[in-house]
Amino acid sequence: MSIVFQKPHALTDAPMHYCPGCTHGIIHRLVAEAIDTLGIEGRTVGIAPVGCAVMAYNYFACDMIEAAHGRAPAVATGCKRANPGNIVFTYQGDGDLASIGMAEIVHAAARRENITVIFVNNAIYGMTGGQMAPTSLPGQVTQTSPYGRDVKTVGFPVKVCELLSQVDGAVYLERVAVNNVKNVKKAKKAIETAFRNQVEGKGFSLIEVVSSCPTNWGMTPQQALEWVDSAMIPYYPLGVYKDLTKEVE
């Protein structure tokens with residue numbers, strides 16, 4: 001009997017700690033599938049963030065490094081420059097990348113570091129109890145915005161793909177989602193493209209994944225997936241925001 005579906009080799013057998021309905025597990029699998037497809041597990045190094053994915057080092061079978069909060073792009077830069085043959089990726093949430101780590105991600109893109117960034121945008125601080133994040137939507141209720149995000153006092157959400165598209169060094173930027181089968185397939189293709197770009201030496205690639213957080217959104221898993229479709233994606237439109245891969249060839 002032929003095998004038609006199995007766990008990617010680049011994922012370990014460790015049970016994941018994520019909440020029911022959280023889509024980190026899907027994204028982990030897509031990253032692992034890209035590593036398997038390209039045959040790069042033996043030279044891949046992942047940089048784990050501070051946030052819900054802080055224990056990502058338990059789940060990927062490749063070498064992993066834990067970075068201080070927001071510093072994953074800086075750690076990835078050092079790792080890649082020390083051994084350019086490494087395939088280096090960061091896996092970061094919105095608080096890690098778009099708040100404390102904003103300087104690191106902007107300057108890594110500006111330097112056109114040949115790394116791959118997986119950016120998970122669930123519009124909230126998940127690990128620390130559901131505080132407002134840089135990506136929380138206008139009017140969104142969180143632990144620190146109980147009456148909804150007021151843009152007059154705290155400003156507007158940060159749109160990372162749109163922001164980095166203005167940075168000359170960024171080579172490939174795409175926003176995807178994993179709330180249904182169609183979007184998961186598109187996300188799989190985008191993540192593989194981002195890793196392939198690095199293998200081919202094309203430079204900085206970032207994939208923003210619009211994700212769900214049922215626990216801190218106060219929703220069931222199904223409701224959270226529906227909210228991604230009805231609220232998140234309209235504010236964070238999916239698609240390719242920059243593609244210079246042909247130019248850098």
Side-chain angles (χ1 to χ4, degrees), residues 1-41 44 46 51-53 56 59-61 89-94 97 116-124 126 135 137 140 159-162 172-197 205-243 245:
M1 183 180 295
S2 61
I3 296 174
V4 295
F5 188 79
Q6 63 182 349
K7 178 182 70 67
H9 188 270
L11 280 183
T12 70
D13 292 327
M16 292 186 180
H17 72 283
Y18 301 114
C19 298
C22 171
T23 46
H24 271 298
I26 297 173
I27 304 166
H28 280 16
R29 180 184 177 91
L30 298 182
V31 171
E33 286 179 344
I35 293 171
D36 282 5
T37 297
L38 297 171
I40 56 174
E41 181 183 324
T44 295
C52 289
Y59 309 135
F60 291 105
F89 75 94
T90 73
Y91 188 102
Q92 301 175 259
D94 41 33
L97 182 145
T116 301
V117 177
I118 307 301
F119 167 48
V120 182
N121 175 6
N122 61 13
I124 206 162
T135 53
L137 300 182
Q140 183 175 344
K159 295 184 175 182
V160 171
C161 278
E162 289 86 338
Y172 190 84
L173 307 169
E174 183 170 358
R175 182 182 290 131
V176 297
V178 287
N179 63 314
N180 57 47
V181 173
K182 179 180 178 181
N183 284 341
V184 168
K185 289 182 176 180
K186 290 182 178 179
K188 174 183 171 69
K189 182 179 179 181
I191 290 172
E192 184 177 322
T193 297
F195 275 93
R196 192 181 301 278
N197 287 343
S205 296
L206 178 145
I207 305 300
E208 177 178 348
V209 186
V210 178
S211 184
S212 62
C213 184
T215 297
N216 289 300
W217 289 355
M219 301 178 185
T220 66
Q222 183 61 39
Q223 288 171 337
L225 294 179
E226 293 170 355
W227 198 75
V228 167
D229 200 46
S230 64
M232 288 281 287
I233 292 176
Y235 197 85
Y236 295 107
L238 309 183
V240 176
Y241 281 79
K242 192 171 189 179
D243 185 359
T245 52

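Count residues from 1 along the sequence.
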Would you say the side chain of P237 lies within less than 4.5 Å of the side chain of E162, judging by non-hydrogen atoms? yes

Heavy atoms of P20 and P221 approach each other most closely as O-CG, 3.8 Å

With sequence neighbours excluded, what pairs up with H17 under the ring-ring contact (aromatic ring centres under 6.0 Å, His included) test? Y59

Give the ring-plane orientation class for Y18 versus H24, where under 30° counts as parallel, over 60° as perpendicular and anything between as tilted. parallel

Can you confirm whether E33 sits close enough to L30 that some side-chain heavy atom of one is under 4.5 Å from a side-chain heavy atom of the other? yes

Looking at N197 and S205, what are the two nearest heavy atoms and their distance? ND2-OG, 3.1 Å

With a 4.5 Å cut-off on side-chain heavy atoms, are F119 and T90 touching? no

Does Y236 have any side-chain hydrogen bond (donor to acceptor under 3.5 Å, both in side chains) partners at least two apart in sequence or in another chain, and if so, which? none

To the nearest 0.5 Å, what is the distance between CG on L225 and CG on N180? 8.5 Å

Here's a test for you: under side chain to side chain contact (heavy atoms under 4.5 Å, CB included), which of N183, V209, V228 qualifies with V178? V209

In this structure, CH2 of W227 is separated from CG of L137 (nearest 0.5 Å) by 4.0 Å

Shortest non-hydrogen contact from I27 toward S211: CD1-OG, 4.2 Å

With a 4.5 Å limit on heavy-atom distance, are the side chains of F60 and T12 in contact? no

How long is the span from the NZ atom in K159 to the CZ atom in R175, to the nearest 0.5 Å? 7.0 Å

Where A187 and A177 come nearest, the two heavy atoms and their spacing: CB-O, 3.8 Å

Spacing of I118 atom CD1 and H28 atom NE2 [to the nearest 0.5 Å]: 11.0 Å

Please list, one pair per line, the donor and acceptor atoms closer than 3.5 Å that link side chains of residues 189-196 to other protein atoms, with sequence neighbours excluded.
from: E192; atom 1: OE2; to: R196; atom 2: NH2; distance (Å): 2.7
from: T193; atom 1: OG1; to: K189; atom 2: O; distance (Å): 2.9

Quick check for you: to the nearest 0.5 Å, what is the distance between Q140 atom CD and I124 atom CD1? 5.5 Å

